[in-house]
Amino acid sequence: MGVLRSKKQPELTEAQKKINKLWEMYDSGKLAETDYSTFVLCEYESGVNGEGHSGWFFNIENTEGKEAINKILYALEEVLPTHLYDNLNKAFRSYGTEDEEDVCDSADNYFYEHEQVILEYLQGVANRLDL
């Protein structure tokens, strides 16, 4: 008769604990109160990964109104490197046009190729958190 053993989960590094804390703050809404630009960056990162630029814009428009997109773009301009912000802005300009699908698909691909930059920024923010 064998003994069932559960595998012990590896300990998280401090960096992993901190990024988890950042995402917990995002999920709870606390990040929106303390660091709106980073909150919006989390929204952008998770939104584009979930449904691409077109879907992300559509969800914002249907939950917060089209005016909210401009506020979000302004906040992202503060934290995104120029090349990623330009990619986002190009996708937004195509939103609702006949070119939307092609432009947003291209913007999605560019986002995925350069997503590590966003993740590194978020890790930098997380590293400054007190646990």
Side-chain angles (χ1 to χ4, degrees):
M1 182 194 256
V3 177
L4 293 176
R5 296 184 195 198
S6 64
K7 290 185 179 181
K8 184 178 178 184
Q9 295 296 320
E11 286 291 318
L12 295 177
T13 66
E14 285 301 308
Q16 290 168 324
K17 289 177 186 176
K18 289 184 177 211
I19 198 69
N20 287 348
K21 172 80 173 175
L22 180 74
W23 283 104
E24 287 170 16
M25 291 173 65
Y26 164 75
D27 288 337
S28 71
K30 185 176 180 184
L31 189 58
E33 298 167 6
T34 59
D35 187 347
Y36 182 73
S37 293
T38 300
F39 172 78
V40 170
L41 185 59
C42 289
E43 287 271 311
Y44 177 56
E45 198 276 334
S46 63
V48 172
N49 272 312
E51 58 262 344
H53 283 86
S54 285
W56 185 62
F57 295 136
F58 178 81
N59 287 337
I60 294 168
E61 183 177 7
N62 285 312
T63 58
E64 301 176 47
K66 196 160 190 168
E67 318 76 50
I69 297 174
N70 288 322
K71 180 180 176 188
I72 290 167
L73 289 175
Y74 180 75
L76 288 171
E77 187 175 23
E78 294 180 21
V79 294
L80 284 175
T82 303
H83 67 105
L84 285 171
Y85 182 77
D86 290 347
N87 182 62
L88 166 62
N89 201 31
K90 183 171 106 178
F92 178 63
R93 286 192 317 270
S94 77
Y95 179 64
T97 71
E98 63 184 40
D99 297 330
E100 177 182 349
E101 185 176 349
D102 290 337
V103 173
C104 284
D105 284 349
S106 175
D108 293 348
N109 291 333
Y110 190 86
F111 172 91
Y112 302 135
E113 290 170 17
H114 299 277
E115 182 179 13
Q116 189 60 36
V117 173
I118 294 171
L119 298 175
E120 288 170 3
Y121 178 87
L122 291 175
Q123 186 67 59
V125 171
N127 289 343
R128 294 189 296 272
L129 295 174
D130 291 327
L131 289 181

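Below, each value reflects all heavy atoms present in this structure, side chains not excepted, and no hydrogens, waters or symmetry copies.
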Could you go through Glu43 and Ile72, starting from their C-alpha distance and side-chain angles, then the distance that decides it, and tell me whether this counts as side-chain contact (heavy atoms from CB on, under 4.5 Å)? CA-CA 9 Å; Glu43 287 271 311; Ile72 290 167; over 6 Å; no

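- We find that Glu24 and Lys21 are not joined by a salt bridge, their nearest charged nitrogen and carboxylate oxygen being 4.0 Å or further apart.
- By the criterion of side-chain heavy atoms lying less than 4.5 angstrom apart, applied directly or through intervening Ile, Leu, Val, Met, Phe, Trp or Tyr residues, Tyr74 is not grouped with Tyr85; the two fall into different hydrophobic clusters.
- Tracing side-chain contacts under 4.5 Å through hydrophobic residues (I, L, V, M, F, W, Y), one reaches Trp56 starting from Tyr112; they form part of the same cluster.
- Residues Asn20 and Gln16 bring no donor and acceptor atom of their side chains to less than 3.5 Å of each other.
- Minimum heavy-atom separation, Ser37 to Val79: CB-CG1, 3.7 Å.
- The CD atom of Glu115 lies 11.5 Å from the CD atom of Glu113; values are rounded to the nearest 0.5 Å.
- Taken together through direct or relayed side-chain contacts under 4.5 Å among Ile, Leu, Val, Met, Phe, Trp and Tyr, Val117 and Leu80 form part of one hydrophobic cluster.
- Judged by distance alone, the side chain of Asn87 and the main-chain N or O of Ala107 form a donor-acceptor pair under 3.5 Å.
- With a 6.0 Å radius and a threshold of 12 heavy atoms from other residues, nucleotides or ligands, Glu120 has its CD atom above the threshold.
- Listed by chain and residue number, His83, His114 satisfy the ring pair (Phe, Tyr, Trp, His ring centres under 6.0 Å) test with Tyr110 (two or more places apart in sequence, or in another chain).
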Begin with the C-alpha distance, continue with both residues' side-chain angles, and end with the deciding distance and a verdict on side-chain contact (heavy atoms from CB on, under 4.5 Å) for Leu88 and Phe57. CA-CA 10 Å; Leu88 166 62; Phe57 295 136; 3.8 Å; yes

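- The distance from the CG atom of Asp102 to the OG atom of Ser94 is 9.0 Å, given to the nearest 0.5 Å.
- Rounded to the nearest 0.5 angstrom, Arg128 CZ and Lys18 NZ are separated by 10.5 Å.
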Evaluate the criterion side-chain contact (heavy atoms from CB on, under 4.5 Å) for residue pair Phe92 and Asn70; output intermediate values, then yes/no. CA-CA 10 Å; Phe92 178 63; Asn70 288 322; 3.9 Å; yes

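- Atom CD of Glu64 is surrounded by more than 12 heavy atoms from other residues, nucleotides or ligands within 6.0 Å.
- In plain terms, the two heavy atoms of Ala15 and Gln123 that are nearest each other are O-NE2, 3.0 Å.
- There is a path of hydrophobic side-chain contacts, each under 4.5 Å, that joins Phe39 to Leu41.
- In Tyr121, the OH atom is crowded: over 12 heavy atoms of neighbouring residues, nucleotides or ligands sit closer than 6.0 Å.
- Ser106 and Lys90 make their closest contact through OG-NZ, 4.5 Å (heavy atoms, listed as atom of the first residue, atom of the second, distance).
- Counting heavy atoms of neighbouring residues, nucleotides and ligands inside a 6.0 Å radius, atom OH of Tyr36 exceeds 12 of them.
- A continuous path of Ile, Leu, Val, Met, Phe, Trp and Tyr side chains, each step under 4.5 Å between heavy atoms, connects Ile118 with Leu129, placing both in one hydrophobic cluster.
- Considering every non-hydrogen atom in both Met25 and Ser28, the closest pair reads O-OG, 3.1 Å.
- Interatomic distance, Leu84 CG to Glu77 CD, rounded to the nearest 0.5 Å: 13.0 Å.
- In this structure, CG in Asp86 is found 8.0 Å from CZ in Arg93, a value given to the nearest 0.5 Å.
- Closest of all the heavy-atom pairs between Lys17 and Leu12 is CE-O, 3.5 Å.
- Here the two rings, on Phe111 and Tyr44, have centers that are under 6.0 Å apart.
- Closest non-hydrogen pair, Leu22 versus Leu122, comes out as CD2-O, 3.6 Å.
- For CD of Gln116, the number of neighbouring non-hydrogen atoms (other residues, nucleotides, ligands) closer than 6.0 Å is greater than 12.
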For side-chain contact (heavy atoms from CB on, under 4.5 Å), just list the numbers for Cys104 and Tyr95, CA-CA rounded to whole Å, side-chain angles, deciding distance to a tenth of an Å, and then say yes or no. CA-CA 8 Å; Cys104 284; Tyr95 179 64; 5.5 Å; no

